[in-house]
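Report on the structure given below.
We name chains A, B, ... by the order of the sequence lines, and we start the count at 1 in each one. Keep in mind that this is a model prediction, so the values were computed, not measured.
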Amino acid sequence: MRPGIITLTTDFGLHGPYVAAVKGVLLERAPDVTIVDVSHTIAPQNVLEGGFVLANIVDAFPAGTVHLAVVDPGVGTDRRLIAVASAGHWFVLPDNGLITGVIRCRPPDEVRAITSPTIRRALVSSTFHGRDLLAPAAAHLAMGQSPEELGPKLERFITLRNFEPTREDRSAVGEVIFKDTFGNLITNIHTDHLGLTPAECWEIEIAGERIVGIVGTYGERSPGQLIALTGSSGWLEVAVVNGDAARLLSAGAGTTVRIRMTN
Amino acid sequence: MRPGIITLTTDFGLHGPYVAAVKGVLLERAPDVTIVDVSHTIAPQNVLEGGFVLANIVDAFPAGTVHLAVVDPGVGTDRRLIAVASAGHWFVLPDNGLITGVIRCRPPDEVRAITSPTIRRALVSSTFHGRDLLAPAAAHLAMGQSPEELGPKLERFITLRNFEPTREDRSAVGEVIFKDTFGNLITNIHTDHLGLTPAECWEIEIAGERIVGIVGTYGERSPGQLIALTGSSGWLEVAVVNGDAARLLSAGAGTTVRIRMTN
Amino acid sequence: MRPGIITLTTDFGLHGPYVAAVKGVLLERAPDVTIVDVSHTIAPQNVLEGGFVLANIVDAFPAGTVHLAVVDPGVGTDRRLIAVASAGHWFVLPDNGLITGVIRCRPPDEVRAITSPTIRRALVSSTFHGRDLLAPAAAHLAMGQSPEELGPKLERFITLRNFEPTREDRSAVGEVIFKDTFGNLITNIHTDHLGLTPAECWEIEIAGERIVGIVGTYGERSPGQLIALTGSSGWLEVAVVNGDAARLLSAGAGTTVRIRMTN
């Protein structure tokens, strides 16, 4: 069996010892695994942002990948830890809605609570379950071992509502869900919300500005121009050609975005 | 032999070519090694912070791991480079106190000066010994080659005093040694300084605020509350539940922390 | 064949899903490859900075390494994507000058346009060619497959002028090309521009300050002193011993640097 891949998405930051501690545990239990950092700079305890980033990398990875995600404001309370199988991947994370973006178009095949008293570190701290409980579970799955051993099957788990825009007949109201390094504003409105209506028939409203039509790529407009386009993962994006839309509009995560058909 | 692990802890920053240059040298000399980044954002030349972060990841890694650490304000002077064996791990670093946190509870088994004229790059720069001298030494050890070849045994090496709080009979005065991404303030006061006195009998003073008792986890108090708890590596930590203690207290590395028994 | 190395230099930032998406594609197509991050915090769309960082890591990597670099303001326009063989390494990047630093002292052996309709992802987005076109090309080369399959040979490609300082008889005018984490200012003036004139015969002028002589290392001057030295890759560097030259001089990328012989 080819050694597997484990991806990491956390709000641990890159500065301290937390990420490396998780990797040490993974490598001790799954020595040949390939670890890929997705992001460790999710805004602290921002489950919505973590879920969005996680959802957008799944399709780039081969089936069999294990995705470990830790944005866990409830650590030390009785929130559950879960393992979710979906589209041939495993997701190991707290049951706090972090899985929402992933399962949006990939219904889960199996959900298990992580409760095994043996698949964990000998000493479990009360503040670092990513290292002590989730990493051992992810290593277990990456080694191809049985999911049943993690814990009982679950029928229900938590999902977040704000991944979905409010849709009306000829319009939708969503929000910016992620601001990237370039200042592009990625919204929770997906191409599939737009149906078959041609791109030029949509009008986008954000932060008091109006954008007419959805372009295919930055090169279709001049530098400095405010545009709406379908991003590389299918989400509606507001950008400035060779510029920074977030700064221009003083907008960011949470900013309201309206889209409506113009005829 | 299973390919080994080399961890990296530096103040090089993530922006420039320095970290990758070190990795290139490691991979050329130890092709199958697994490299794990611990942190590259140690505050420039802050040996105390680097030593703290390094100390906190050791236990998560399997025996045989080689830890390369470079926070080296003395590069180009006659400060020594050393390799330290402790608790089954190797540490390769400048002899400037960076090892202090590690050996605090893991007495060194062997210390060697790195002086070999053959275990180094052909051209040694005067400003980048991490790449030219330390990386070849770390690769040498990760390949399971003889430590004797690095250089002579040493009896003495430098340790830093401020890792240890000042202890009195029923109290201790320490300092914040690390501020993490969440704004948690990690101190140099360790659980083992507290002995067997129950957690509720301690009182912590920091930045003019008083905290009564040490809780087990964030979930024991309400969001927004200032708490003291034992962190995931045993250090006393000051935090705000779902908040940012560093911002609330305008505190950070160096802030004084007093702890005393209340009865 | 030993599994190869692919390095990554981008302006994607560390925050979002972009870097991990590229890695997923690389690992799917070249499962045993070792991926090394060079930098993902190149200033957005700053081809000059990206080219400088890339150029400075090449010599640390073994022959056969594939360097994937994506700083691509022209994505979605008709700018070309190229693969360049030089000094035993492959470089996969947009044809926008990003290769300039590399080929400065390493003439290219072979340049190919990346046009193959089969070496790409099934769905090619219009905004993320790093993931959809360049990553598959890099994986192809890292697997030791034929460069001819990528596309036709090219005779010309784009280079940037500002990598080279303006030289006169006994002087040169260059600029700061990179500010590192320590606040050191790395210029585009290389040791080989200085010829055989002894280091003490040069005088450097930057931001209204004059520095006499080029020292060998930080340790030759006292803390706080402004110095000029030859950096670890041969570029003239302006630094403050144990301090931050960028802050002291309010200087950064683009700041003019004059150097002249004093006798």
ask   = So do B:Thr100 and B:Val47 actually touch side chain to side chain, heavy atoms under 4.5 Å?
value = no
inquiry  = Would you compute the distance between atom CG of B:Leu134 and atom CG of B:Leu8 and round it to the nearest 0.5 angstrom?
reply    = 11.0 Å
key: N/O donor-acceptor pair under 3.5 Å between B:Asn56 side chain and B:Phe52 backbone   = yes
inquiry  = At a heavy-atom distance under 4.5 Å, which candidate from C:Gly219, C:Ser39, C:Gly231 has the highest pair count against chain B?
reply    = C:Ser39
task = Please state whether the side chain, the backbone, both or neither of B:Phe12 comes within less than 4.5 Å of a heavy atom of chain C.
result = both
request  = Considering only heavy atoms and a distance below 4.5 Å, find which of B:Leu123, B:Val22, B:Thr127 pairs most often with chain C.
outcome  = B:Thr127
ask   = With a 4.0 Å cut-off, would you call B:Lys23 and B:Asp37 a salt bridge?
value = yes
key: Test item: B:Arg79 and B:Pro73 side chains (from C-beta on) under 4.5 Å apart, heavy atoms   = no
query = By a 4.5 Å heavy-atom criterion (distance strictly below it), what part of B:Val75 contacts chain C: side chain, backbone, both, or neither?
reply = both
message = What verdict does the side chain to side chain contact (heavy atoms under 4.5 Å, CB included) test give for C:Asp72 and C:Leu98, after you've listed the backbone C-alpha separation in whole Å, the side-chain angles of each residue and the deciding distance to 0.1 Å?
response = CA-CA 9 Å; C:Asp72 190 14; C:Leu98 197 52; over 6 Å; no
Options B:Val25, B:Val19, B:Thr77, ranked by heavy-atom pairs under 4.5 Å with chain C, top entry = B:Val25
key: Under 4.5 Å from a heavy atom of chain B, the part of C:Glu220 involved   = neither
ask   = Given a strict heavy-atom distance threshold of 4.5 Å, which part of B:Arg29 is in contact with chain C: side chain, backbone, both, or neither?
value = neither
query = How many angstroms lie between CZ in C:Phe91 and OG1 in C:Thr65, if you round to the nearest 0.5 Å?
reply = 9.0 Å
inquiry  = So for C:Leu54, is it side chain, backbone, both, or neither that comes closer than 4.5 Å to the heavy atoms of chain B?
reply    = neither
query = With only heavy atoms counted, which part of B:Asp11 is less than 4.5 Å from chain C, the side chain, the backbone, both or neither?
reply = both
Chain C contact via B:Ser125 - which portion, at a heavy-atom distance below 4.5 Å = side chain
query = So what's closer than 4.5 Å to chain B heavy atoms on C:Val36: side chain, backbone, both or neither?
reply = side chain
query = Of all of C:Val38, C:Asp244, C:Thr9, C:Asn242, which one pairs up most often with chain B through heavy atoms under 4.5 Å apart?
reply = C:Asn242
key: Side-chain (C:Thr255) to main-chain (C:Val176) donor-acceptor, under 3.5 angstrom   = no
